[in-house]
Amino acid sequence: MNILLLGSGGREHAFASKLLQSSNCSQLYVSPGNAGTNAIAKNVKLDSFEEIKDFCIKNDIKMVVVGPEQPLVDGIYDFFVRDEMLKNIAIIGPSKAGAMLEGSKAYCKNFLVKHKIPTAQYKEITIENIDEGFQFLDTLTAPYVLKANGLAAGKGVLICSTLDEAKTELKSMLDGKFGNASNTVVIEEFMHGIEFSVFVLTDNDSYKILPIAKDYKRIGEGDTGLNTGGMGAISPPIFVTDDIMAIVEKTIIIPTIDGFKKDNIIYNGFVYIGIMLTPNNIPKVVEYNCRMGDPETQAVLPRIKSDLVETFLKLSDGKLNEIDFEIDEQACVTIVLASNGYPETFEKGKKITNLQQQENEFIFHAGTTLDNEGNIISSGGRVLTTSALGKNIQDALKKANTIAERVQFENKYYRKDIGFDM
Ligand code: AMP
Ligand code: GLY
């Protein structure tokens, strides 16, 4: 069948590679894609839901896989199911109501509390009740967590070290620091602990738990410096034992899937649950995303043995329980190669060489494009990811580092300490 994949990052290149392993996939299109997806599929540029609709009809698309959150938050699922000509296309991603769990922090916290899922205490604040916000901050201890309610390109969360700073930032967020996204601010209790990510695929009834991962968000080694989209990921993080996962399943995953049903939320896709393992091994939800993580996907998909197209077809038929979901016992490590300067200013247009890969090695492109002469050049802050499977994290790490060293482009930067805490 013909499949359309939406997105342009390393996550989408990893999805494209995995979808193409299926004998069910005849032609794969990626919009807008990157130089990596261009080499294995056909890149197309579709700028609106209407353009996506025309393309799907003209090209006999039978499945649409949505990589990033924005089209989901904008309601692409609902657009498809309400359209006579599109409603039989399998669309992999939640409805707009499901995507709101990522699109609105206040809605997310409300859902968590309503369904008694462990999370940090919080208060929802607008300019009208700012005094309540100040009072709530007075009851908390440092550091203080302030979150813009809406999507703010991954920058809308502030962790303030003093009460004064938190109060000043609260005011400036409500005054438009992140535009409309911070008209409402969620103030949260700070959770101490260690974070990891759980990915669940659900058809609204049954669910499959994907390999667990941990990403490394800061730009600098030892997890220092500015926050980024993610500089690397490992799967599995060994501190997440089977006992801890049993608690996660019972107290978080099952109530989440049940919560969708109780709230009539249509959810046919991935739920990414950011979890803090707090003292005494109590897992609490930091956030939900309505999609897979990037770069976590590049460490998770190489560990999935099952046919992804078949899995998605069962998912859209509401028969996910019929899939025997097989996970590779090997570990996988992903390292992000970025342009020096990212996440602030950086140069683009650098020619990339030494992209050859061996068995169990994966180079997934993120910010890459082709120049007029057909050279692969950098076009973004996160340029490529290198992933490798190995018998354990250390083994996979060594291999991923070897590829990271081998790939060449001017101003290449990567963290050499991914997995340092394992
Ligand atoms: P979010 O966009 O909600 O995932 O927040 C971004 C990052 O901020 C998370 O991955 C955590 O590292 C951190 N963070 C968010 N909320 C909290 C919290 N309540 N306590 C501690 N850290 C948090
Ligand atoms: N790696 C974090 C994210 O995808 O949101």
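Atoms within a ligand are numbered from 1 in the order they appear, just like the ligands themselves.
- For atom 9 (C) of ligand 1, the nearest protein heavy atom lies closer than 4.0 Å.
- A cation-pi arrangement is found for Lys416 relative to Tyr414, the charged atom lying closer than 6.0 Å to the ring centre and inside a 45° cone about the ring normal.
- For the residue pair Tyr144/Thr162, the side-chain donor-acceptor check at 3.5 Å is not satisfied.
- In summary, the atoms of ligand 2 found under 4.0 Å from a heavy atom of Glu296, numbered by their order in the structure, are 1 (N), 2 (C), 4 (O).
- Proximity to Arg291 (heavy-atom distance under 4.0 Å) selects the following atoms of ligand 2: 3 (C), 4 (O), 5 (O).
- Close contacts of ligand 1 with Met276, meaning ligand atoms under 4.0 Å from a residue heavy atom, involve 21 (C), 22 (N).
- Regarding atom 2 (O) of ligand 1, its nearest protein heavy-atom neighbour is Lys105 NZ, 2.9 Å.
- The residue Glu69 has no part lying near ligand 2, judged by heavy-atom distances below 4.0 Å.
- Residues Ser8 and Gly33 come closest through the heavy atom pair CB-O, 3.5 Å.
- Between the side chains of Thr334 and Ser387, at least one donor N or O lies within less than 3.5 Å of an accepting N or O.
- The shortest N or O to N or O distance between Arg11 and ligand 2 is not under 3.5 Å.
- In Met191, the parts holding a heavy atom less than 4.0 Å from any atom of ligand 1 are both the side chain and the backbone.
- Here the side chains of Thr37 and Phe15 are not in contact, with every heavy-atom distance at 4.5 Å or above.
- Near Asp215, the atoms of ligand 2 lying under 4.0 angstrom from a non-hydrogen atom of the residue are 1 (N), 2 (C).
- An N or O contact shorter than 3.5 Å is missing between Lys217 and ligand 2 by distance.
- Near Lys147, meaning under 4.0 Å from any of its heavy atoms, are these atoms of ligand 1: 3 (O), 15 (C), 16 (N).
- Taking every non-hydrogen atom of Lys217 and a distance limit under 4.0 Å, the qualifying atoms of ligand 1 come out as 10 (O).
- Between Val145 and ligand 1, not a single N/O pair is under 3.5 Å apart.
- Near Gly229, with a cut-off below 4.0 Å to any heavy atom, the atoms of ligand 2 are 1 (N), 2 (C).
- A cation-pi arrangement is absent between Lys53 and Phe49, since the terminal nitrogen or guanidinium carbon is not both under 6.0 Å from the aromatic centre and inside a 45° cone about the axis.
- Salt bridge status for Asp307 with Lys18: absent, with no side-chain N to carboxylate O gap under 4.0 Å.
- Under 4.0 angstrom from ligand 1, the non-hydrogen atoms of Glu189 all belong to its backbone.
- Residue contact check: Gly293 has heavy atoms under 4.0 Å from atoms 4 (O) of ligand 2.
- The shortest side-chain heavy-atom distance between Val198 and Glu249 does not fall under the 4.5 Å cut-off.
- Counting all heavy atoms, side chain and backbone alike, Ser339 lies closest to Val383 at OG-CG2, 3.3 Å.
- Annotation: Lys399, atom NZ; neighbour count of heavy atoms from other residues, nucleotides and ligands within 6.0 Å is above 12.
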